[in-house]
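Letters A, B, ... mirror the listed sequences (proteins, then strands); counts begin at 1.
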Number of protein chains: 2
Amino acid sequence: MARTTSAGGRKSGPVTLALVAQRAGVSTQTVSNALNSPELLAPATLKRVRQALDELDYRPHQAARSLRTRSSRLIGYGVQPTPPGLSTPVSDHFLHALSDSADQAGYRILLFASLLGADDEAERYDELLREHSVDGFVLNNTYRGDKRPAWLHKKGVPFVAFGRWSAKDTGDWVDVDGAHGTAAAVDQLVAAGHRKIAFLGWPRGSGVGDDRAGGWREAMRRHDLPVRDLRVSSVDEVDAARTAVARVVGRATAVVAASDTLALGCYRALRDAGLSPGRDVAVVGFDDSPAARLLSPSLSSLRQPLDEVGRACTRILMARIKDPDAAPERVLLAPELIVRESSSAESHP
Amino acid sequence: MARTTSAGGRKSGPVTLALVAQRAGVSTQTVSNALNSPELLAPATLKRVRQALDELDYRPHQAARSLRTRSSRLIGYGVQPTPPGLSTPVSDHFLHALSDSADQAGYRILLFASLLGADDEAERYDELLREHSVDGFVLNNTYRGDKRPAWLHKKGVPFVAFGRWSAKDTGDWVDVDGAHGTAAAVDQLVAAGHRKIAFLGWPRGSGVGDDRAGGWREAMRRHDLPVRDLRVSSVDEVDAARTAVARVVGRATAVVAASDTLALGCYRALRDAGLSPGRDVAVVGFDDSPAARLLSPSLSSLRQPLDEVGRACTRILMARIKDPDAAPERVLLAPELIVRESSSAESHP
DNA sequence: AGGTGAATTTTGATCGATCCAAATCATGAG
DNA sequence: CTCATGATTTGGATCGATCAAAATTCACCT
């Protein structure tokens with residue numbers, strides 16, 4: 001008899017507040033209150049309304065609600081065109097955590113295509129705001145000199161950045177403590193007997209990169225180990241890593257890389273030099289990409305707590321939407337070192 | 001003077017149709033027509049209205065529009081919690097292509113968390129529909145026995161599936177021709193001199209897996225090559241691939257894998273057996289994950305045209321929304337074989 | 001001059017929920 | 001029994017756009 005899972009659909013048509021009200025014998029306002037301020041209703045009425053709500057399986061019309069309350073309950077998130085070859089193992093997991101936690105707070109994620117760094121990038125954000133399509137933003141892949149945070153801040157738009165380098169003093173952010181991660185990697189390598197530990201990273205200037213390099217440097221100093229000439233930078237993952245590693249070979253017994261991609265370039269370079277990663281030279285990556293577990297030797301890596309990052313972003317953004325003038329919140333989460341074959345063997349003297 | 005980039009903001013406040021109308025000296029309806037049916041206006045009026053529109057930098061209030069037109073201009077897309085370890089290099093690129101092309105069609109993507117295969121999964125979709133939050137859906141990660149397509153079809157909800165195995169006869173879909181891909185891999189290996197080419201895939205039963213296996217089989221037969229005992233299945237990427245490859249070692253000089261992950265497991269297994277991937281045994285993967293390019297030897301792989309898939313999804317969904325009763329559309333796109341070191345060397349007899 | 005139909009513009013209602021303020025009800029004190 | 005007081009409930013306006021239909025203007029013909 002019933003065509004759908006919902007009950008009581010004799011004559012179909014939209015289930016509106018008015019319909020529920022009619023069925024419960026009250027006014028629409030009362031039904032609205034049952035949903036939004038149940039404490040205002042007399043217990044008996046509340047019960048009756050709730051039953052009608054239930055029987056009709058009512059769901060509020062978002063556009064109507066949004067029009068009246070001037071809040072879309074949507075959060076904007078711009079997806080960038082992943083540059084081919086550059087892996088961003090981040091987004092997938094992060095997006096799920098983000099939308100899952102947002103869902104629980106009654107919000108949803110609105111995806112839009114954004115051209116990172118394009119001149120008219122702000123235009124895309126502005127448009128969404130003027131259209132009242134979103135209540136706030138989550139920014140990802142922020143970079144030094146990123147204009148978005150300052151711009152949003154000035155306009156008084158709620159937002160959270162995943163990445164602290166652009167919004168350091170401008171607003172709320174959540175980030176992963178890269179320095180803590182690379183330091184942990186050094187600690188583990190030292191414990192395994194390594195003393196000459198090189199760092200393979202990107203050219204100075206990027207927030208994330210310098211952060212990760214800084215952690216390595218700090219840990220090396222803490223262990224009274226030499227740092228000179230052990231830091232190598234490269235942009236292209238394959239070629240540059242190769243020449244870079246060549247410079248280090250013989251000088252180091254372990255390499256901490258700023259990303260799994262660089263670590264892979266390192267594997268390659270070592271093999272080309274006739275060395276065996278993991279056996280001759282220990283390697284630790286960053287990001288714990290899916291491949292890390294499967295490589296031979298499997299790659300030790302620092303796993304970012306993306307679930308937590310996502311949840312934190314939601315939590316903070318919700319707070320900011322509720323109270324735009326509250327003190328900004330900053331959250332720094334530590335990555336977890338996953339030790340695998342590439343760094344677990346004892347070092348060779 | 002001007003605080004924002006927009007011009008003429010003396011007294012701020014929301015820029016509505018009414019405001020534009022007042023400035024242009026016409027009725028709101030006329031402004032609305034200027035936007036939605038400009039051909040109805042007299043040229044002179046149109047010009048005047050457009051100027052006002054421009055000066056005020058008007059953007060329609062989406063909720064208001066949505067309420068009246070009963071269309072949210074949003075497309076639902078459920079993100080699944082990526083099972084840890086299982087890589088889905090798909091989503092990132094695909095999502096960008098999808099939201100980019102949707103944007104161009106005046107639509108945006110609404111992300112929501114969905115628990116794949118959960119009992120109440122349909123509930124999540126139903127809720128979005130009842131709320132009028134979306135006009136349609138893009139399904140991803142469909143699987144055999146997936147109930148969503150049939151359910152959506154029955155309700156008359158516009159949708160497109162990325163993956164043909166669940167919606168074969170139920171609705172529109174876009175998919176990548178896995179068989180074509182593996183066949184191309186076989187062709188290339190044969191051209192390089194290989195005759196004993198094994199297939200490493202998942203257990204029978206999954207649409208994608210059987211499709212890819214089918215392409216290998218077809219190509220082998222076409223080349224008059226033996227197929228018997230050369231097909232190996234495994235679920236876990238590392239361990240099972242290892243034992244599976246062990247069974248093939250000596251029998252085959254090349255392996256076509258159903259995924260890069262399996263190919264990686266294969267690398268590992270070969271090394272454990274004292275063999276060198278690429279040199280002793282050629283390997284071809286599927287998906288062209290970021291790691292493929294960086295492995296040593298770099299991994300030949302089949303790249304899915306995710307940009308095109310995304311664009312096709314949008315195009316088809318738009319057509320379906322416009323005309324719910326049109327004949328269903330199905331698009332099958334060929335993956336591109338990227339030949340790298342792992343399969344380019346001549347085979348050893 | 002009057003009329004006709006097409007072109008152009010305007011009026012008024014409407015989508016569905018929530019705001020605000022007013023109306024009704026219940027309770028107990030005087 | 002009346003009135004004040006607070007607890008519940010309701011009426012009407014409103015958010016900003018679009019729909020449907022009516023009103024106005026215009027060009028052109030007889």
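In this structure, CG of A:Leu41 is placed 13 Å from P of C:dT18, rounded to the nearest angstrom. For the pair B:Glu131 CD and C:dA17 P, the computed distance is 11 Å after rounding to whole Å.
Under the side chain to side chain donor-acceptor pair (under 3.5 Å) criterion, A:Ser99 pairs with no residue at all, not counting sequence neighbours. Applying the salt bridge (charged side-chain N to carboxylate O under 4.0 Å, His left out) criterion to B:Arg124, with sequence neighbours excluded, gives A:Asp103, B:Glu127. Here B:Gln29 pairs with B:Asn33 under the side chain to side chain donor-acceptor pair (under 3.5 Å) rule; sequence neighbours left out. Every side chain to side chain donor-acceptor pair (under 3.5 Å) that B:Ser101 has, sequence neighbours left out, goes to B:Thr314. Listed by chain and number, the residues in a salt bridge (charged side-chain N to carboxylate O under 4.0 Å, His left out) with A:Arg148 are A:Glu121, A:Asp146 (sequence neighbours excluded). Residues passing the side chain to side chain donor-acceptor pair (under 3.5 Å) test with A:Arg311: none are found, sequence neighbours excluded.
Legend: ring-ring contact (aromatic ring centres under 6.0 Å, His included) pairs involving residues 16-37 of chain A, not counting sequence neighbours: none detected. Residues in residues 14-73 of chain B take part in these ring-ring contact (aromatic ring centres under 6.0 Å, His included) pairs, two or more places apart or across chains: A:His132-B:His61. Within the structure, ring-ring contact (aromatic ring centres under 6.0 Å, His included) pairs that include any residue of residues 13-45 of chain A do not occur (at least two apart or interchain).
Not a single donor-acceptor pair under 3.5 Å links the side chain of B:Asp172 to the backbone N or O of B:Pro328.
Residues A:Tyr58 and B:Thr45 both approach DNA chain C. Their nearest nucleotides, taken by heavy-atom distance, put B:Thr45 toward the 5′ side.
Contacts of residues 63-74 of chain B with DNA chain D (heavy atom under 4.0 Å): B:Ala64, B:Arg65, B:Leu67, B:Arg68, B:Thr69. Listed by residue number, B:Val26, B:Ser27, B:Gln29, B:Thr30 are the residues of residues 24-34 of chain B with a heavy-atom contact under 4.0 Å to DNA chain C.
Where DNA chain D meets chain A (any atom under 4.0 Å from a heavy atom), the bounding nucleotides read 5' to 3' are D:dT8 to D:dG16.
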